[in-house]
2 protein chains.
Amino acid sequence: MPRERLIVIGGVAAGMSAASRARKRSPAMEIIVLEKGRHVSYGTCGLAYLISGQVARPDDLIVYPAEFFRTKRDIDVRLETEAVEIEPGHKTVHALARGTELLSLGYDKLVLSAGGAPAVEISGADLPGVFTCNDLAGTIRLCQFLEQEKPRRAVIVGSGYIGLEVAEAFRRRGLDVAVLERSGTVLEGVEPEIGERVEAALREQGVRLRKFANVSGIAADARGRAAAVAHDAGSEPAEIVVLSTGIVPRTALARAAGIAIGPTGAIAVDERMLTSAASIYAAGDCAETRHLVTGQPAYFPLGTTANKQGRVAGENAAGGRASFAGIVGTLVTKVFDLEFAKTGLNEVQARAAGFRPRRVTVQSHSRARYLNGKAILLTLVWDQPSGRLLGCQMLGAEGVAKRIDVAAMALHARLHIPEMLHLDLSYAPPFGPVWEAILVAANEAMKQQG
Amino acid sequence: MPRERLIVIGGVAAGMSAASRARKRSPAMEIIVLEKGRHVSYGTCGLAYLISGQVARPDDLIVYPAEFFRTKRDIDVRLETEAVEIEPGHKTVHALARGTELLSLGYDKLVLSAGGAPAVEISGADLPGVFTCNDLAGTIRLCQFLEQEKPRRAVIVGSGYIGLEVAEAFRRRGLDVAVLERSGTVLEGVEPEIGERVEAALREQGVRLRKFANVSGIAADARGRAAAVAHDAGSEPAEIVVLSTGIVPRTALARAAGIAIGPTGAIAVDERMLTSAASIYAAGDCAETRHLVTGQPAYFPLGTTANKQGRVAGENAAGGRASFAGIVGTLVTKVFDLEFAKTGLNEVQARAAGFRPRRVTVQSHSRARYLNGKAILLTLVWDQPSGRLLGCQMLGAEGVAKRIDVAAMALHARLHIPEMLHLDLSYAPPFGPVWEAILVAANEAMKQQG
């Protein structure tokens, strides 16, 4: 009897998690990973630190090299091999190796983990000097450009967390940085009180932020290189441009194979990570997930979710019965000296989801004030009729990132405000205040509930 | 009609929380606080930082001085005034002011927040040079002794979190430090894998730890001052001795007044913080609470709980309907360069409480390894038949204190292991690893559940 074969398309986060988990569950299965790039299993979320120099070498971001998977886990990783067509009817994947060699591989199980692609629908996006910070190869090119061309003026298009991470990295390298943001706020979805503080911090760090700046295109100089970014209100000179206007799921292969796409535009999956096609799973930035607060499908491409989905897909592809219920929308990022974190819905999103939200913002501290505690600003959003917690955002100079997890946990557990008044959270002067911000906020919310 | 009068006995944490909350609820009520010491409203948990010098002045630990409460909150704070008898039948408190003046005060509502006292049943405990680190006045005396007498050899009796905090403070001041521990482990209730690491850290910091050292008494020198601590295995010379063998609830007043004492030896209260006596509430280190994991009464004297109970007692004493459900046993402490945190039950406690516990210990990191993440050791305890989470302990050089809150939250929400596999916890390289320790542990536990 031939070995059952699992093919994994895409080997960054979700794909290698799927392959590894499948191997753990099934020592016998044949596992092939088709990765179009030259690297597998690296920390996508650390790319900005490569730009800043805080991570010295690209290799430092690689969790395991391809060779590790081949020799230690018996996973047949094929680099520079791009899947170009899936035939679900024939259970076959066609792929192109090193741009020339066409392969046709039969599969018993397939995991789609092709990831997401930067949204770059801007004219001039392909000019020299224009980059994204979405994969290792592109980021290495960006770093080489910085070294060789020594650009002094940078424009970042988009002020999401990746845009701001790159802004920080560029400032650390001494570049002049302008950030162009289409909307009226940085960090999409941020509550106004918190967004204002982030914007003030950007200004303090010498970042020129232009809001309501719809980019119309990138202009080239005489040598054909990026020279300026044109927007509604004028033009911003730039020797280097980074596009960080979001991630879109890579779904072309799935669409062509007739696999159902969900309402978010990503591949629809059930709790087993199974797509609409038999024996085909999807995981990571190409797939949808469920938002556990709204109960609706959501697209929330993050490394942690990709890893979890990948594990579940791999487990099930190898005959298991794992499930991934969904996310609550937790995100944390460092913006220069500030930590910003959120989970769940903001007030606007909550209203759009059919809740009747209320919101309270409070301030507490990261630790006892007599041990130099830093301010933490916290916003809590809850549903007025039911009292159910819907979301939380936090901003502060320290201690924010892991504090948000308490709110994330509360969302998973579907807690209501009255259940949150007296949570037995840790306290010691070096680590927190007697009244944690989330407890202060819950008490305030309770008062407003009356 | 005369104003309704609330008397609060004890004005440190619970007492001032009660008085302040009562004032918020009732602008009209007369509120009198009887405090036997010279200070109200200070951070008991910061006392060790006064010894180390990290907190420069005693005043830095005082949240609000008595005068603030008198003028800003119309609370009649009476310092150096010790309640000596309660007559519930006559709704009267008798108190002694400055050791000489006897007062009799009628009350409508009474809050008992007399706190806890250090357990000092050791002969020689009253010798000069012997201290506890339990209140501000005593700690100031200890600091004065350090300044004036310049002791070089210190013995700390008891290796609970206060004992170890004082050990660190003394080492920071360059003292030679020995810690005598009656049992076979530091930090009562710690799981063995974690306890061993803490002990190794203490040794690295030059602390001489003697376990199974039952102290029989403190011997005096010719001048009548503490000179050595005698124990089972010999005698430890000391010019300063700190007793940190635990806290016992101050219940003498309550007992004499016929107020019911609970099975833990502390004052029994219901969710409203009401004692067995009409109109008499208790809160803080003199009162019991309920352990939400076991469902049983517990004595767990900590500042956070005291503040919460105080608020509830104050709210209700002023006519409200607040309730305090209980605790899950969360505690965090700094042991030199390590953070130790726990919540819920350890395996032994869980078995004693009637569960059929299992335990798993894993290691993860405080942040991405390529950004210099530090190891975090985590132990999870769960109930085998039901899968219910029962407890968690963590140890690491950073990022432990607030991570334990996720487990505390899970205990409040009565989560089970299968619900914890894919929690949407925050991730960014500067703040955490892709797989948080608690998720690694939950996955490991799930495997063991089969």
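Since the structure is predicted, the reported quantities are computational estimates derived from the model, not experimental observations. Naming convention: chains lettered A, B, ... in sequence-line order (proteins, then strands); numbering from 1 in each chain.
Heavy-atom pairs under 4.5 Å with chain A were tallied for B:Arg414, B:Arg311, B:Glu436, B:Met420; the largest tally goes to B:Arg311. Of the listed residues B:Ala428, B:Ala407, B:Pro433, B:Pro430, the one with more heavy-atom pairs under 4.5 angstrom with chain A than any other is B:Pro430. Comparing A:Thr305, A:Leu371, A:Leu331 by heavy-atom pairs within less than 4.5 Å of chain B, the highest count is held by A:Leu371. Chain A forms more heavy-atom pairs under 4.5 Å with one residue of B:Val328, B:Val434, B:Leu425 than with any other, namely B:Leu425. Contacts with chain B were tallied for A:Gln54, A:Glu339, A:Gln309; A:Glu339 has the most, counting heavy-atom pairs under 4.5 Å. Among B:Asp60, B:Leu302, B:Ile327, B:Leu292, the residue making the largest number of heavy-atom pairs under 4.5 Å with chain A is B:Ile327.
For A:Ala410, the parts sitting under 4.5 Å from any heavy atom of chain B are the backbone and the side chain alike. Residue A:Arg369 does not touch chain B at all, counting heavy-atom pairs closer than 4.5 Å. Looking at A:Asn372, neither its backbone nor its side chain comes within 4.5 Å of chain B, counting heavy atoms on both sides. For chain B, the nearby part of A:Val312 is the side chain; its heavy atoms alone come within less than 4.5 Å. Looking at A:Ile404, the atoms closer than 4.5 Å to chain B (heavy atoms on both sides) all sit in the side chain, from C-beta outward.
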Can you give me every donor-acceptor pair (side chain of residues 391-398 of chain B, partner residue at least two apart or in another chain, under 3.5 Å) with its distance?
{"unit_1": "B:Gln393", "atom_1": "OE1", "unit_2": "B:Glu191", "atom_2": "N", "d": "2.8"}
{"unit_1": "B:Gln393", "atom_1": "NE2", "unit_2": "B:Gly189", "atom_2": "O", "d": "2.9"}
{"unit_1": "B:Glu398", "atom_1": "OE1", "unit_2": "B:Arg367", "atom_2": "NH2", "d": "3.1"}
{"unit_1": "B:Glu398", "atom_1": "OE2", "unit_2": "B:Ser366", "atom_2": "OG", "d": "2.6"}
{"unit_1": "B:Glu398", "atom_1": "OE2", "unit_2": "B:Arg367", "atom_2": "NE", "d": "2.8"}
{"unit_1": "B:Glu398", "atom_1": "OE2", "unit_2": "B:Arg367", "atom_2": "NH2", "d": "3.2"}

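Of all non-hydrogen atoms in A:Met409 and B:Val406, the two that sit nearest each other are CE-O, 3.3 Å. Closest approach of B:Pro429 and A:Cys45 over heavy atoms only: CG-O, 3.2 Å. Of all heavy-atom pairs spanning B:Gly43 and A:Tyr370, the tightest one is O-OH, 4.1 Å. Of all non-hydrogen atoms in B:Gly329 and A:Asp424, the two that sit nearest each other are N-OD2, 2.8 Å.
Of the candidates B:Thr330, B:Thr333, B:Thr304, B:Asp405, B:Asp405 is the only one forming a side chain to side chain donor-acceptor pair (under 3.5 Å) with A:Ser426. Results of the side chain to side chain contact (heavy atoms under 4.5 Å, CB included) test with B:Lys308 over A:Leu421, A:Leu439, A:Leu423 single out A:Leu439 as the only residue that passes.
The environment of A:Lys374 atom NZ is dense: over 12 non-hydrogen atoms of other residues, nucleotides or ligands sit within 6.0 angstrom.
The ring pair (Phe, Tyr, Trp, His ring centres under 6.0 Å) contacts involving residues 390-434 of chain B comprise A:Phe324-B:His422, where partners must be two or more places apart or lie in separate chains.
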